[in-house]
Amino acid sequence: MSAPSSPSPAATPPANAARAPLTFDRGHTDDLMAFLAASPSPYHAVANVAERLEKAGFRQVAETDAWDGTSGGRYVLRGGAIVAWYVPEGAAPHMPFHIIGAHTDSPNLRIKPRPDSGAHGWRQVAVEIYGGPLMNSWLDRDLGLAGRLTLRDGSTVLVNVDRPLLRVPQLAIHLDRSVSTEGLKLDKQRHLQPVWGLGDEVLDGDLISFLEQEAGLESRSVVGWDLMVHPVEPPAYLGRDRELVAGPRMDNLLSVHAGAAALAAAAASGASLTHIPVLAAFDHEENGSQSDTGADGPLLGSVLERSVFARGGSYEDRARAFAGTVCLSSDTGHAVHPNYAERHDPTHHPRVNGGPILKVNVNNRYATDGSGRVVFAAACEKAHVPFQHFVSNNSMPCGTTIGPITAARHGIRTVDIGVAILSMHSARELCGADDPFLLANALTAFLEG
């Protein structure tokens, strides 16, 4: 699943890496950057994951069809979510699952049902705020537009205008002198509407007509849409020694990409598997996961149960399989910020390129407990990958993930992990160049059991 490495310095391995070669190296990070650039929406992300899994021998199954119990790799697509799994030869109905959980969505600006707007000679696009973006990071950026278009017959078409199309212009300091003393204050309704052209008349249907042309569709064939803006600046290595990566949507496509690579690698090991490896990449994590494609929906449980029953299993087999199942909820976390170190717990300062982080919160904002720590530590030890701990400063509220939702909804042991980054929820985030492949190696060791 790795692309050939671009010219870059060799990754700095953990001290014990010499004992066993890593499955993935800096080429994995090169490939991550290509994946980020090609996945401006959850719909593009799952399509790209599906394409990669197809090349690894997986095949798509429809939820409306009857499933068979034969071995091999399969996946289900639903909107911006994908669940993929590999059944080893001779797998018993009660064989447990090893699951990598992640999410495909990122905070951004999304297009309203009546998108055409404007004032004072400017044509604008009406947007809603999705999730919790760092709103200032969307100002004065060249933005593209991507997502899915739904046609009259119910079919969908992906669209991606990956060139400078829109811009949210910031107010000049001469018209807001208080910004220097009081900081930037943005009104979500008034100040974040992008411009995309000039004209005194608001033309209803103008934006969708433009996208129909971009997608090669007939005029007035689009009835519904799920569209979002994205920065068009490509991911890039950063730093004196190119030891950092800057790019969009690392939260949480970094984990989706690593999970897909790990699943393909685990499937290649085939008959030696003691668990059924699974990748579950959900949509809508950034706004609560409560949808038919979110982690709080029935998708994962339905797929796991149907896999058990397709292999001739009973409800007792299902219960046995779930009792032995473990999920690694993989999402990005906070690296210690050099300018705001006081915002972090004083004894827990995760560093970039220090390996994946194990997230802990005793109030169940993360699902990790002591037994879960053992699972992750064993996977990292097997992969010869270092890991770190993350816990929030007691004086600050802690974020959460799909981990507690997965544990509570399905009754399966869940561990929260991820990669430490800076600028989380920005239009452009920052990670260590080595951490993506260190995560992928740990996830592969976990899936292989």
Side-chain angles (χ1 to χ4, degrees), residues 46 49-50 53-54 56-79 81-102 259-260 262-282 289 291-330 367 371-372 375 379 402-415 443-444 446-449:
V46 298
V49 169
L53 292 177
E54 289 274 356
F58 286 66
R59 60 181 177 87
Q60 184 177 2
V61 293
E63 293 184 80
T64 53
D65 291 344
W67 293 2
D68 62 54
T70 57
S71 61
R74 296 171 177 78
Y75 66 91
V76 166
L77 284 178
R78 184 192 289 184
I82 184 170
V83 180
W85 66 103
Y86 180 84
V87 179
E89 191 73 38
H94 61 270
M95 178 178 278
F97 302 91
H98 271 194
I99 305 168
I100 296 169
L263 179 60
S269 65
S272 64
L273 296 172
T274 58
H275 298 74
I276 295 174
V278 180
L279 171 64
F282 301 102
S289 296
S291 70
D292 68 326
T293 54
D296 204 18
L299 179 59
L300 176 61
S302 173
V303 168
L304 299 184
E305 288 181 344
R306 292 184 68 176
S307 176
V308 170
F309 299 149
R311 285 175 281 123
S314 62
Y315 183 82
E316 181 71 11
D317 292 314
R318 180 261 188 214
R320 292 175 66 188
F322 277 46
T325 291
V326 185
C327 174
L328 291 188
S329 165
S330 182
S371 64
V375 171
I402 65 168
I405 294 172
T406 303
R409 181 169 184 84
H410 305 294
I412 58 180
R413 183 165 45 155
T414 304
V415 188
L443 294 181
T444 301
F446 165 72
L447 290 185
E448 291 178 345

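- Across V83, V278, I276, a single residue satisfies side-chain contact (heavy atoms from CB on, under 4.5 Å) together with L304, and that is V278.
- The closest donor-acceptor contact from the side chain of R409 to the backbone of G297 lies under 3.5 Å.
- A distance-only check finds no donor-acceptor pair linking the side chain of R74 to the backbone of V87 [under 3.5 Å].
- Annotation: the span from W85 atom CH2 to I99 atom CD1 amounts to 12.0 Å, rounded to 0.5 Å.
- When all heavy atoms of P88 and L273 are compared, the closest pair comes out as CG-CB, 3.8 Å.
- Taking CZ from F322 and CG from D317, the interatomic distance works out to 12.0 Å, rounded to the nearest 0.5 Å.
- Closest approach of A102 and I402 over heavy atoms only: N-CD1, 3.6 Å.
- Shortest non-hydrogen contact noted between A367 and P404 is CB-N, 3.9 Å.
- Ring orientation note: the planes of H98 and H275 are close to parallel, at an angle under 30° on the 30°/60° scale.
- A donor-acceptor pair under 3.5 Å is formed between the side chain of S269 and the backbone N or O of A266.
- The structure places OG1 of T325 at 10.5 Å from NE2 of H410, a figure rounded to the nearest 0.5 Å.
- Note that the NE2 atom of H94 and the CZ atom of R311 stand 9.5 Å from one another [nearest 0.5 Å].
- Around CD of E316, the count of heavy atoms belonging to other residues, nucleotides or ligands within 6.0 Å does not exceed 12.
- Once rounded to the nearest 0.5 Å, the distance linking CD of E448 with CG of L443 reads 11.0 Å.
- Nearest heavy atom pair, residue E63 against residue L77, reads OE2-O, 4.4 Å.
- In this structure, L53 CG and Y75 OH are separated by 7.5 Å, a value rounded to the nearest 0.5 Å.
- Residues V303 and R78 form no side-chain contact, since every pair of their non-hydrogen atoms from C-beta on lies 4.5 Å or further apart.
- Nearest approach of P93 to G312, heavy atoms of both residues: CG-C, 4.3 Å.
- W67 places a side-chain N or O within donor-acceptor distance of the main-chain N or O of A62, the cut-off being under 3.5 Å.
- A 4.5 Å side-chain heavy-atom check between L299 and D292 finds every atom pair outside the cut-off.
- Looking at every heavy atom in both residues, C327 comes nearest to I412 through CB-CD1, 4.2 Å.
- Side chains of L263 and I100 form no contact here, defined as non-hydrogen atoms less than 4.5 Å apart.
- You'll find the side chain of V308 reaches within 4.5 Å of the side chain of F97, heavy atoms only.
- Side-chain atoms of R413 do not come within 3.5 Å of backbone N or O of V326 as any donor-acceptor pair.
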